[in-house]
Amino acid sequence: INDEILNKKDEIIFNKLLNNEIKKNDLVIVSDYGHGLISKKSANLICKKSKFLALNAQINASNIGFHTIRNYKNFNTLLINEKEIRHEMRDKISKLEVLMSSLSKEKNIKNLIVTRGNHIKLYTCYSFL
């Protein structure tokens, strides 16, 4: 796996490509595995330009410690597993529902889906005007 962060020239090219493709779509699905392709700048562009953004960011053996959703803000849906939300929140003892609520509020996530093996927890934030 090439874990090198994109150089500035390649990041500019990548962000132009992202900008052009995002404009053409109503739904953007991002799978970020923390290997250096998506920089903070790219993540910010994705978040600002997407009409509806679904994010999947997974921990694996080669990205542990570098995996994070902290580069993303105001996305619509997040799909992670229980280990990943506990890693993200740095909390291995609180109830899952408490972590889901905290993360949803902190990141302004409208739909948070946490898998637990063959069990799934769904947290949906509703806002009433």
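- Considering only heavy atoms from C-beta on, Leu96 comes within 4.5 Å of Val114 through its side chain.
- Once rounded to the nearest 0.5 Å, the distance linking OG1 of Thr77 with CD1 of Ile109 reads 9.0 Å.
- Residues passing the side-chain contact (heavy atoms from CB on, under 4.5 Å) test with Glu21 are Leu17, Lys24, sequence neighbours excluded.
- Taking CD1 of Ile5 as the reference point, atom CG of Asp10 lies at 13.0 Å (rounded to 0.5 Å).
- Annotation: side-chain contact (heavy atoms from CB on, under 4.5 Å) contacts of Lys41 (sequence neighbours excluded): Glu11, Asn15, Ser39.
- Between Tyr72 and Asn44, every side-chain heavy-atom pair lies at or beyond the 4.5 Å cut-off.
- In this structure, the side chain of Ser50 engages the main chain of Ile46 through a donor-acceptor pair within 3.5 Å.
- The side-chain heavy atoms of Lys73 and Asn108, taken from C-beta on, include no pair separated by under 4.5 Å.
- Evaluated for a side-chain contact (heavy atoms from CB on, under 4.5 Å) with Ile113, the options Asn81, Ile80, Leu79 yield exactly one hit, Leu79.
- Using a 4.5 Å heavy-atom threshold, the side chains of Asn56 and Asp32 count as separate.
- The minimum heavy-atom distance linking Arg86 with Lys92 is given by the pair NH1-C, 3.5 Å.
- Here the closest non-hydrogen pair linking Lys51 and Asn76 is O-OD1, 4.1 Å.
- Atom NZ of Lys49 is surrounded by 12 or fewer heavy atoms from other residues, nucleotides or ligands within 6.0 Å.
- Within the 3.5 Å criterion, the main-chain N or O of Val28 finds no donor-acceptor partner in the side chain of Asn25.
- Residues Asn71 and Ala43 approach most closely at O-CB, 3.4 Å, considering heavy atoms.
- Using a 4.5 Å heavy-atom cutoff, the side chains of Ile85 and Leu112 are in contact.
- Listed by chain and number, the hydrophobic cluster partners of Phe52 are Leu27, Ile29, where partners are ILVMFWY side chains within reach of under 4.5 Å, directly or through others.
- To the nearest 0.5 Å, atoms OG (Ser42) and CG (Leu37) are separated by 7.0 Å.
- Taking NZ from Lys48 and CD1 from Ile22, the interatomic distance works out to 12.5 Å, rounded to the nearest 0.5 Å.
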>> Between Met100 and Lys95, does the side chain to side chain contact (heavy atoms under 4.5 Å, CB included) criterion hold? Intermediate values first, please.
In response: CA-CA 9 Å; Met100 293 173 76; Lys95 288 186 175 189; over 6 Å; no
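- Going from atom SG of Cys47 over to atom NZ of Lys107 covers 8.0 Å, rounded to the nearest 0.5 Å.
- Between Phe14 and Leu18, the closest side-chain pair of non-hydrogen atoms falls below 4.5 Å.
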